[in-house]
Every structure is written in structure tokens, then in C-alpha cells.
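Reading through the C-alpha cells given below for one structure.
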Number of protein chains: 2
Amino acid sequence: MTLAQTSTDFTSCSDCNIRYRAVCATCDTDELRRLEDIKYYRTFDAGQPIMFEGDDMNFVASVVSGAARLSRTLPDGRLQMLGLLLPSDFIGRPGRDTVTYDVEAIQKVTLCCFRRKPFEDLVATTPHIGQRLLAMSLDELDVAREWMMLLGRKTAREKITCLLSLIGRRTASLHLQPIADGLSFEMPMSREAMGDYLGLTIETVSRQMTALRKDGVIELEGSRIITIPDLAVLMAETGDDADGGMLA
Amino acid sequence: MTLAQTSTDFTSCSDCNIRYRAVCATCDTDELRRLEDIKYYRTFDAGQPIMFEGDDMNFVASVVSGAARLSRTLPDGRLQMLGLLLPSDFIGRPGRDTVTYDVEAIQKVTLCCFRRKPFEDLVATTPHIGQRLLAMSLDELDVAREWMMLLGRKTAREKITCLLSLIGRRTASLHLQPIADGLSFEMPMSREAMGDYLGLTIETVSRQMTALRKDGVIELEGSRIITIPDLAVLMAETGDDADGGMLA
DNA sequence: CGTTACGTTGACTCCCGTCAAGATCCGTGG
DNA sequence: CCACGGATCTTGACGGGAGTCAACGTAACG
């Protein structure tokens, strides 16, 4: 068992798979060179903590590959997942020096890290990074509020179908597959992680998955491989407008 | 009944009560002058819609006084409040041209408005505005995630006590009163609005308020005036760390 | 007054959490 | 190859917390 590693590998920013989606997306060559000067890579295995709530925030980072999650835990142990971090997502907050959520790898994850102070200097002096960070923060805010609607007002079945639709569509677009009936994908998270994300217990998640299977809304191969025979049927179960989810 | 009004009054930015908290907080005199050139005031009465989801976003604005709310409604009518907008909070999103939530006045509210396009030009050319907007967006993101924890994992009683603690502390600090036992304040929202914010029905809100009164956690004078005889008792009911809520 | 919005309370239902027992999968080692 | 143990997932029984439906107070306002 190894702890987090600081990689000796070095990928040029121009060859990076998140070059045009991450915080550096709109940087010109000069700005990119300045970022490149201060970046370093770290990897974490699935299940490893990346930051703890209350820690000093020594670095900020972009997710290059894999997946991580943000969560917070109440004193009595109740846990709520607050965000899912996928390639190109940004971890950390310039201008704040302690971490406000737990961050944990849920798959093997590689981060492109920047020590916080030099990065903050860059934000202050290179307008493109600040602008990009603003746009990304506003996107995250939309996602968080969408999730508030789900957590506050949706039923267990609606929560599950929303998550399946989300993961299915994102996985398809990541692999450049069409979003159409018969869509099949692997769920990247355990039943427990699904519950943590949706504000449900593991038993309720499992029961709803079984119910959806029996109702023909989904097909299961093992517990992780999911096929959607009819997307419209799935979308009709999410509680959202039928067309709202079909776009994009 | 009047609709929203474009005020003929004009308050100089240097005299504005949100001068050092709003999006203009860190502007220098030149930047402030450019903002002043394009601003105009509008007021809305309690209950009036300010923007509808799906509308063109013609303007962005700062709340100068009063209160508004962000909400979204599912096709079948279920509603979730997604944000509470108080003086100095910002409405709208540069870079997006349609509104993504309903915005409604919950008290008589005055907005300092900027047409979107000129404002976006300012964001692109005056670094202080963009930086301030970033900091404010990140604060909002923290608030939204705090609320996700509440909506996903807290009981009705915990949700209510969290809200009472939030409103009580903010009202006290607004009026420069000490946050101490015996704190008394007026609830600025109806039972229905509380339910919309907390993901509860109006009946559950009402029952929990009665239970808290019977248990001596709060005292009620009418339905809106609330006194907290012992803050520590209230905080112990929120589900958070006892100290977490006492700071700030 | 009557009207209307707002708030409280009661009776009942049901969804989801809790507790518990199995089932299934998988890697390890004899 | 099979046995074992642990993690993950499923299923059942049961209870409670919050939603629903309905009636009744209460306050504000014409």
C-alpha cells in the first residue's frame, strides 16, 4: 500500500487531455508557461483522502484523470457528498487558507497541483485564469443548486433515476458515444457512494435499483453495468421536464 | 398595484450602504465611475417576480435593500428555494444569456441594476470587479453546499433550528446587537417560505415550531417574533458541532 | 362585520430508515 | 481446485418521521 505519490513524470501542458477544459483552458502561451513552471503531479488510489476539512490548504489542483469527491460529515457521523470531481474539475479555493470539505479519491486519481501562494499570485496577475475560474465556479454553483432541488424535493426513485441519467449521459459523451436508447455504461460508484450523494441509505438505493429493474426501466448486468432500453422512460421518472434532460 | 419601477432617485456610489460589501467593494474611483455611468435603480414589492427561469437575462444587479429569493419549480409544482438574496448579494451571471432560476422579491427590494452587456465588458476590462465576483461566487458555493448537507441529511427539527440560528445571528449582526442568550428577532419569512427553503411542508414547519416552543428552546410572540432564551440549547439541536455555529 | 391569507392541530398514510439475515462476488491461500 | 473470509449487495420485517387531507383558529384589512 503506497501513500500519495509525487510523480516524476512530466506531461507538457500542450499535450494535456484537459488543456481546453480546465482552469488553464483560456490561457495564452505565456500564461501557460507560468503555470507549467509551478505545477507538479500527484496520484491517489481509490479510497485515499486528499484533503481533510480543517487542514491548511497548501495546494490547489486540477483533476487530470480519475474521480474524487467532496463531502462533509456531521458530528454524529451522518455524511453527505457535496460534489463529484471529474477530469478538468478544480480543487481548492484561492483566497482561503483552510479546507472546508473532506476531499477523497473514489477512483485512482491524478492531480495537476499548484502550491497555493504562487497560484494566487498568478490569479491576481493573469486575467485569463481568474476569468476561467469565475466561469467554472458559476457552473459549480449551478450544479450545487440543481442538487439542492434533488435533495430537498425529490423522491428516492427520482433521485436514483436522476443520477443514472447524469452518469449515463456523461459517460457516453466522454467516450463519444451517442446518447440513445440501449445506452450502456458502468456505474463508477458503489451503492454506498450513491446513497451518500443522494441523501439516501444503502438499502433504499438497492431497493430502488431492484424496483427499476423489475419495472423494465433499467437492465442490470452484475450490480454496476447498466443498460437503459428506453431513455424517455428513464427521463419520465426523474421528475424533471422530459425535454430538460434530453438537451445537451 | 404598481409593477416594478425604475427609480428616478440617484444615490452616489460613495454614499451607498453596500459600497464595501457588494460586487463594487474593491473598485477604485475610476472603476466606480464606470459602474456609476451604467447603473440604474429598480424596486419591487414583496411577492413580485424579478426574473423567470428561461427569460433573457437583460440585466444583472446588486441587492441594495430588502430581500429576494432564488427558486426552481418541478413540472408538478414542487418548489425548492435555492438561495436567499440580501443586501450586497449579486443577481445574475455574466456570460450566460438566459435566467436559470426564478427570482422573486420576498420583501420590498431595491436593486442596483446594470445592463448585462456593458457590465460584461466591465468585468473583462476591470480586474477588481472580476476578482470580487469570483470571491462572492465562491462564498455562495459554500453556502449552497452547507445547504445541501442540511437538505440531504438533517431532520425536520434540525433544519428548523439551523434556520432560526442563521436568521437570528444575521439579524443581530445587521443591527449591531450582541449574539447572546435572550436574543430576539423577527422572522422575515412566512411558514411557507421556511418550508420552501428547508424542503419541508408548511404543516411540518408549524408542528416543529410548536414542539420547540413547548420544549423551551424558543419563545414565540405571535408567529414571527422569536426569542432564544439559551443559545447553546438551540445550537445543540442543529446537529452541527456546538462550536461550529458559535463562531463568527 | 365578512373576507382572505396565514398558521395550528388532528387523523391517517406511506415512504424511507433501521435492524437483521442472507446472497453474491472476489481475492487469497491451503 | 476448493475453502475461507471479507466486502458488497439484496431482501425482509418493522417502526417512525414527515407528507397528505381536512378542519379549525387567528390576524389583518376592507
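Residue numbers start from 1 in every chain, and the chains themselves are labelled A, B, ... in the order their sequence lines are given, proteins ahead of strands.
Legend: residues meeting side-chain hydrogen bond (donor to acceptor under 3.5 Å, both in side chains) with A:Ser137, ordered by chain and number and at least two apart, are absent. B:Glu203 is linked by a salt bridge (charged side-chain N to carboxylate O under 4.0 Å, His left out) to nothing, counting only residues two or more places apart in sequence or in another chain. Under the salt bridge (charged side-chain N to carboxylate O under 4.0 Å, His left out) criterion, A:Asp56 pairs with no residue at all, not counting sequence neighbours. Partners of A:Arg207 according to the salt bridge (charged side-chain N to carboxylate O under 4.0 Å, His left out) rule, which considers only residues two or more places apart in sequence or in another chain, do not exist here. Considering only residues two or more places apart in sequence or on other chains, B:Thr210 meets the side-chain hydrogen bond (donor to acceptor under 3.5 Å, both in side chains) condition with none of them. Legend: residues meeting salt bridge (charged side-chain N to carboxylate O under 4.0 Å, His left out) with A:Arg72, ordered by chain and number and at least two apart, are A:Glu53, B:Glu146. The ring-ring contact (aromatic ring centres under 6.0 Å, His included) search around A:Phe59 returns none, not counting sequence neighbours.
Distance, B:Asp76 CG to D:dG19 P: 15 Å, rounded to whole Å. What separates CZ of A:Arg153 from P of C:dC15 is a distance of 17 Å, to the nearest Å. Look at CD1 on A:Ile160: it is 16 Å from P on C:dC15, rounded to the nearest Å. In this entry the distance linking CG of A:Leu220 with P of D:dT8 reads 18 Å, nearest Å. Atom CD1 in B:Ile218 sits roughly 14 Å away from atom C1' in C:dT8 (whole-Å rounding). Separating the CE atom of A:Met187 from the P atom of D:dT8 is a distance of 16 Å, rounded to the nearest angstrom. Atoms NZ (A:Lys214) and C1' (D:dG12) sit 11 Å apart, rounded to a whole Å. The CD1 atom of B:Ile225 sits 17 Å away from the P atom of C:dC6 (whole-angstrom rounding).
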Which atom pairs link the protein and nucleotides 14-18 of chain D when you take only N or O atoms and keep those under 3.5 Å?
from, atom 1, to, atom 2, distance (Å)
D:dA18, OP1, B:Ala156, N, 2.8

Could you go through nucleotides 21-24 of chain D and list every protein N or O atom that sits under 3.5 Å from one of its N or O atoms, giving the distance for each pair?
from, atom 1, to, atom 2, distance (Å)
D:dC21, N4, B:Glu203, OE2, 3.1

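Between C:dT9 and B:Ser206, no contact under 4.0 Å exists linking OP1 or OP2 to a side-chain N or O.
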field: Reading 5' to 3' through nucleotides 25-30 of chain D, protein heavy-atom contacts under 4.0 Å coded B for base, S for sugar-phosphate only, - for none
entry: ------

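Annotation: of the two residues near DNA chain C, A:Gly222 and B:Met209, the 5′-most nearest-nucleotide partner is B:Met209.
In this structure, the side chain of B:Lys159 engages the main chain of B:Leu198 through a donor-acceptor pair within 3.5 Å.
Across B:Val143, B:Leu70, B:Ile106, a single residue satisfies side chain to side chain contact (heavy atoms under 4.5 Å, CB included) together with B:Leu84, and that is B:Ile106.
Listed by first then second residue, pairs satisfying side-chain hydrogen bond (donor to acceptor under 3.5 Å, both in side chains) with a partner in residues 172-196 of chain A read A:Arg69-A:Asp196, A:Ser184-A:Thr227, not counting sequence neighbours.
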With a cut-off of 3.5 Å and sequence neighbours excluded, list every side-chain donor-acceptor pair involving residues 60-67 of chain A.
none

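In this structure, A:Arg224 reaches the sugar-phosphate backbone alone: every heavy-atom distance under 4.0 Å involves primed, P, OP1 or OP2 atoms, never a base.
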